Each structure stands twice: as structure tokens, then as C-alpha cells.
Amino acid sequence: MPEKEQELLPVRIWESVKTFGLRAFFASFSDSSRMLPRAYEPWLFRHRASEEQLRAQRKKGAGRKTSLTLVTVLKEADPQAFADMLASLKGQTFSGFELLLIDLTAFGDGGTDLQAELRSAAAEAAHSGLRLRHFLMKDDLEFADAVNFGIRRASGTFLAVLPPEDLLPPESLYRFAETIRKHREAELFYADHDSVSYGKGRYFDPVLKPDLDPVLLLHGDYIGEFYFFRKETAAVLGGFRRELSGAETYDFLLRLTAGERETVHLPAVLRHRRGALTRIPAEDPREDLRRSAMAEAVRRELAGRRISGEVLPAGSSVRIRCRRKKKPLISVILINTDRAADLRRCVDFLLDSTEEKLEILIVECCSRERETFELYRDLAAYPQVKLIRWMEELHLSKMLNYAAGYAAGEYFLFFSRRIRSAAGENWLTGLLDLLLLTGAGAAGPALLTPDERTLSRGLIVREGIILPAFPGEEAARVSRILPREAPHTVSALSGDCLLVRREAFLQAEGFSDDFRFRTQAEDLCLRLRENGWRCVTDPGSGAVLEDIPETPAPTGTEEIFDRDTFRQRWETKTASDPYYPAAASAERGDYLPKLD
């Protein structure tokens, strides 16, 4: 951290305590999903553009014609924060932009002192050289109307809506402009962001984002309200919708990304969203309206795709349940060696915990205990259960492929007998709905320990190394990080509970024989991706893994061989994971910056 920032740190802490109170200040540290200034600011300062880089940007970007337009709707704002926003625009290294200030403050005899301060700040910015056009509008206009007015008046090819209190670092517009020039066919550009506190300002709560993920975006707004879009495309889409007050920018994103339009993600913090350093719980009726508007935006998107489903608000995301005319057959495939009691509990769980149509294929492998064969005779009375005998070498991939040859279902559920319970209702229905909704090839739930701590919420694959997302977290804890609670795309899923479309599985020719006991499911997921299929996870569906022996159990040498084989095959193809933020720590798997 620079020396000046070190000197200001105690002052800023004291200001936060004075502003929010001692109890509220310390309460903000209880949410481990937040990255507070002490941990985050050193990382941010290291990743900012240097003074030398800023000088080079100013020299390269000087004199270029206007190509970007920022639209700011002004109705209510903190005057100092608004002045800081204008100052951040004046400090941009890229000069080829304009600001359209759509002013919805009340008319009359100059308005209130607050409105006068806001207008004074705008006038001062215009006189200081900022390319600003100020439009005084009726105060009863909706936010969407104001933005649409700005779109029509914009001279830039690309536009973005900038809230009146937010800040842009000096290199922000330069980075966007250069990226737009390199991707001339793209329609949408977005970057990472964080929060900045009021007063002197402290940076916290970074939101590092993956590349475009339509699955995650359909369930919640992970991109945010600041992004650049093409003016012509906005006109084709009809602009922002005034009836979706509170979710206008999210609704526009859904429509903008619905087709084959190219989208580019800039993996850098290029916006500082104004917020409170310490969270004080408060009831805000506008939040309920915003969530309802988000759900309505998703309903309209589903209607446009001709998908029938129920959409319900769920925290900062939505839950979607498809309406199906018939239940497809799901073929559950599991392997068993002895331990009859464990198998009995596993089968009972499958039959009792879901209303989906199942057939259960049990691959018998090397059992010797009398209780096991007695159980097989009992299970023979169940019409849903089939017993398949495997008489060859122990080889998990071959055994699973062999069983799949007997399966009649439209979907295959590869299942571990270690799973005997689930967190939440309708766990399998949620996975099936996700496949039907997204057209994905494979889906998996969050995997949990018996005390409902997270083992993984999808898998990260970087340089051929497999790592879990959100390991060790409490399943019931509320988090602001959207992928923790909302369905999203991942590079790979665990084979302990893996639902795969029959079509996708056969197209990939099943599991690879190169893997005897480990990583065959992760390898299948990456091959599905190469074939154009998505792999998705639903954190709302949780499968609890009991601590019992696996079947079959690999030796340490066999396990190492499989992982080395996987790494050799995928190391060069997975230099980065497109579904996990590039700057985030894969080792922690928490979507927060890697503090190196």
C-alpha cells in the first residue's frame, strides 16, 4: 500500500466508527463473503494503472473523436459524491466521450438547496472543460424514459448508464474504448467493479466476474448497471422498459444477450460503486419492488423463448421451475461392493426424495458378503431397480459406460452411494429443470458434508488442476456473491452426482477409458464443452456426502496416475477458466481477489 494510503488508514477507520457506530462497524466483519479495505485495498492499488501508464494513455487518446456516451439520470444524489463523480470523469485519460446529464430534479424557484447544489456542480464541471450536455426534464418522468431520451440524443456509437454518485478510475474509459476498437462486432462490454465509501472514500467489496454466462444472468444480475452497448442495437430492442421500474438495466441486459451477439468482459475493476462501508440492516420497500421487477423481466424473457415456467424472487436472484407436460425417465447408475446397509439407505433416499420417474441400475462389483446378495433379492421386487453384474477388471469408467448401455432413460444420473440425503426440497427436479431451461448437457448440485458445509459448488479447472468452488463454507449462510446462490455455468462437475443428457453423453462417447477411478467425470465435462454443451450447477440443490468408503476404492498410485493423465490432457486447453474470474483465487474458490 502506498505510504499516503497507510497514513490515511487509521483516519478512515475512525471516520467509519464515527459514522456507523462501533457495533455496526464490527458487525460488518462477520460476513466472510465481503472483502473489506484492509485486505482489498493493497491488491487494488497494485492492479491500478501506474502514472507512467496513465501518461501514455493520455498521449495516445488525445484528440480522438467522440465515440462513447455516458448517460447519467439525476434525481437524488449526495452533492459531494456527485461532484466527485464529475471530477473522476474530468480525470479520464480518454477524451473522446460525452456526458449527457438527464436532470429530473423539480422545477420552480430554483428548487431546494440540494437541487441547487447538484446543478451548481454540473455547471462547474461544464465550465471546467468536461464535455457535458445538461437536459432539464419533467420531474415525473421514469428512469427508463430518461435513459431512452439520452439514447436518442447520444452522439457516441456506444453508451453506458452511469449512476450519479459512482466513480470511474482514470483508465476506465480508455480501457473500454481500446477494447471496443479491437472487437468491432461486439455489442456488449462490461468490467469488474467494487464499492467506495462516502467521505474520503475506502474501496471494498470487489465483484470479480466471469465471462458472459447466460445461465447466471438469467437467474440474477451479475453484470450490474454499468456496461457499454451499441446505440443502434438499443434502438432495435426498443430501449429500456419503463414498466419494469428497478430492473430496467437488467431487463435490457437479458434482451441484449438473448441472441448471438458478441459480448466482451474486461477483467479489471473499472468502476467504483458508491456504498456504505458498514452494513446496517434496514427494511427498504424499494428492494421488494426491484426483486419483483427482476422476476417479471425473467418471465418475459422465458415467454420470448417459449418456455413455460414459474419465476420466484430468491434473495438477490430468482428461482425458475419449468412446467412439463410429462416426466422424462431418468436412469440412475451406481456401483456397489458389499456394505448392504449403505446401499439400502441410498436406494431408499432415491425413491423417497423425488417424484421424478426413475430406473435404478446397480452395478454389482466383487461383493462377497451374504447380506449384500440378500438385499439384491429384496430389491428385485422393485420394478424401478435393475441389477447388472460386472465380471471384468476394476475400472470405473468402463463399468459406468457398460451400465449406460442398459439404461433406457433420456437422462443419466451417475450417483455415489455415499449420498444418502439432500439439503432442500426437489433436488433432482431442480437439476432437471436447469437442463431443460438452459439446454445444457450436464448438471450437478452443491456437494455438502453431513454438517452442511460446502465441499464444492461446481469445479474450477485451471492449467489442468481441478479445484472446488466455495469449499468449507456454511451452506445456510447468505452471501452477496451471486454464483454462490444462483445456478451458473462451470467448467466441470463431480461424478458423485452428475445428471447428463443421453444425447450429450453418447455424442462424447461416454467416459474415457484413460481414467480408471478418478477425474473421468471432469474429463467428460470438458469434452462436453468442446462439443458445444454447457455444464451447469445449481447451488440451491444440495447433496450430502456421508463419510463412508467409495466403490471401488483406488490406491494412492492409481489416483495420482489419473490426476496426472487429466493434467497432461487439459493443461494447455485450460490456461484459464472462462467461468471463474481471472483475478480471483482459485485455491480459495470464493470469487474474491488472489492476494499475492
Side-chain angles (χ1 to χ4, degrees), residues 27-36 39 205 208 216 219-220 279 314-317 319 342 345-346 349-350 353-354 414-428 430-431 434 443-462 465-488 490-499 518-519 521-522 525 535-550 553 559 577 579-581 584-595:
S28 69
F29 289 83
S30 63
D31 183 356
S32 60
S33 74
R34 305 187 77 202
M35 183 165 280
L36 293 168
D205 268 4
L208 305 183
L216 179 58
H219 291 83
R279 293 180 175 180
S316 59
S317 62
R319 302 297 298 175
D342 292 331
R345 283 190 289 267
C346 179
F349 164 69
L350 284 167
S353 66
T354 180
F414 298 99
F415 201 75
S416 170
R417 70 176 184 184
R418 295 194 299 156
I419 298 175
R420 299 201 299 253
S421 61
E425 299 179 358
N426 302 319
W427 64 277
L428 185 53
L431 295 181
L434 195 53
L447 298 180
L448 311 172
T449 62
D451 60 352
E452 296 195 1
R453 300 190 74 88
T454 303
L455 291 169
S456 71
R457 294 176 185 270
L459 299 174
I460 305 161
V461 183
R462 281 187 182 171
I465 298 175
I466 304 166
L467 296 162
F470 300 105
E473 293 195 335
E474 295 179 11
R477 186 174 58 78
V478 176
S479 171
R480 65 176 182 82
I481 299 174
L482 194 61
R484 193 189 179 284
E485 66 176 50
H488 59 281
V490 292
S491 282
L493 296 160
S494 169
D496 287 306
C497 186
L498 179 64
L499 183 65
R518 284 280 191 260
T519 67
E522 294 86 342
C525 289
C535 297
V536 294
T537 185
D538 181 8
S541 301
V544 178
L545 267 65
E546 302 287 344
D547 187 17
I548 62 173
E550 298 180 79
E559 184 170 346
D577 188 329
Y579 307 115
Y580 189 76
S585 167
E587 290 74 16
R588 290 199 316 269
D590 56 6
Y591 283 74
L592 295 175
K594 183 178 182 179
L595 303 179

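Given the structure is predicted, the values throughout are model-derived calculations rather than measurements. Numbers here simply count residues along the sequence, with the first being 1.
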Close side-chain approach of Thr537 to Leu493, heavy-atom, < 4.5 Å: yes
Write down the atom of Val461, the atom of Ala492, and the distance for their closest heavy-atom approach. CG2-CB, 4.0 Å
Kindly determine whether Lys594 and Arg588 satisfy side chain to side chain contact (heavy atoms under 4.5 Å, CB included), including the steps that lead there. CA-CA 8 Å; Lys594 183 178 182 179; Arg588 290 199 316 269; 5.5 Å; no
Heavy-atom nearest pair, Pro468 first then Leu455, reads CB-O, 3.3 Å
Applying ring pair (Phe, Tyr, Trp, His ring centres under 6.0 Å), name anything that partners Phe414, two or more places apart in sequence or on another chain. Phe505, Phe511
Below 4.5 Å, heavy atoms only, C-beta onward: do Val536 and Val490 meet side chain to side chain? no
Parallel, tilted or perpendicular, judged at 30° and 60°: which one describes the rings of Phe470 and Tyr591? parallel
Between Thr519 and Glu522, which heavy-atom pair has the shortest distance, and what is it? CA-OE1, 3.0 Å
Could you tell me whether a side-chain N or O of Thr454 sits under 3.5 Å from a main-chain N or O of Glu473, the two making a donor and an acceptor? yes
Just verifying a value: how many Å separate Leu467 CG and Ser491 OG, rounded to the nearest 0.5 Å? 11.5 Å
For Pro581 and Arg462, which heavy atoms make the closest approach, and how far apart are they? O-NH2, 2.6 Å
If the condition is salt bridge (charged side-chain N to carboxylate O under 4.0 Å, His left out), which residues does Asp342 pass it with, not counting sequence neighbours? Arg339, Arg345, Arg420
Tell me, do Ile419 and Cys497 make a side-chain contact under 4.5 Å, heavy atoms counted? yes
Rounded to the nearest 0.5 Å, what separates atom CZ in Arg417 from atom SG in Cys346? 9.0 Å
Quick one: are Leu447 and Asp496 in side-chain contact, heavy atoms under 4.5 Å? yes
Applying side chain to side chain contact (heavy atoms under 4.5 Å, CB included), run through Ser316 and Leu482 and close with a yes or a no. CA-CA 7 Å; Ser316 59; Leu482 194 61; 3.6 Å; yes
Within this structure, what is the CG-CG distance for the pair Leu498 and Leu431, rounded to the nearest 0.5 Å? 9.5 Å
For a quick test of reading the model, state the closest non-hydrogen atom pair linking Val544 to Pro450 and the distance between them. CG1-CA, 3.6 Å
Trp427 and Ser353: side-chain donor and acceptor closer than 3.5 Å? yes
Does Arg319 reach the side chain of Asp538, with side-chain heavy atoms less than 4.5 Å apart? yes
Ion pair Arg418/Glu546, N-O distance below 4.0 Å: no
Side-chain ion pair, Asp590 and Arg457, N-O less than 4.0 Å: no
Residues forming a side chain to side chain donor-acceptor pair (under 3.5 Å) with Asp547, sequence neighbours excluded: none
Using distance alone, with no hydrogens and no angle criterion, decide if Ser317 and Glu485 have a side-chain donor and acceptor under 3.5 Å apart. yes
Between Ala543 and Pro445, what is the shortest heavy-atom contact and its length? CB-CG, 3.9 Å
Pair Arg453 + Asp451: basic N to acidic O under 4.0 Å: no
In Å, rounded to the nearest 0.5 Å, how long is the span from CG of Leu499 to CG of Leu434? 9.5 Å
Applying side chain to side chain contact (heavy atoms under 4.5 Å, CB included), run through Leu545 and Thr449 and close with a yes or a no. CA-CA 6 Å; Leu545 267 65; Thr449 62; over 6 Å; no
Expected output: side-chain His488 to main-chain Pro483 donor-acceptor under 3.5 Å: yes
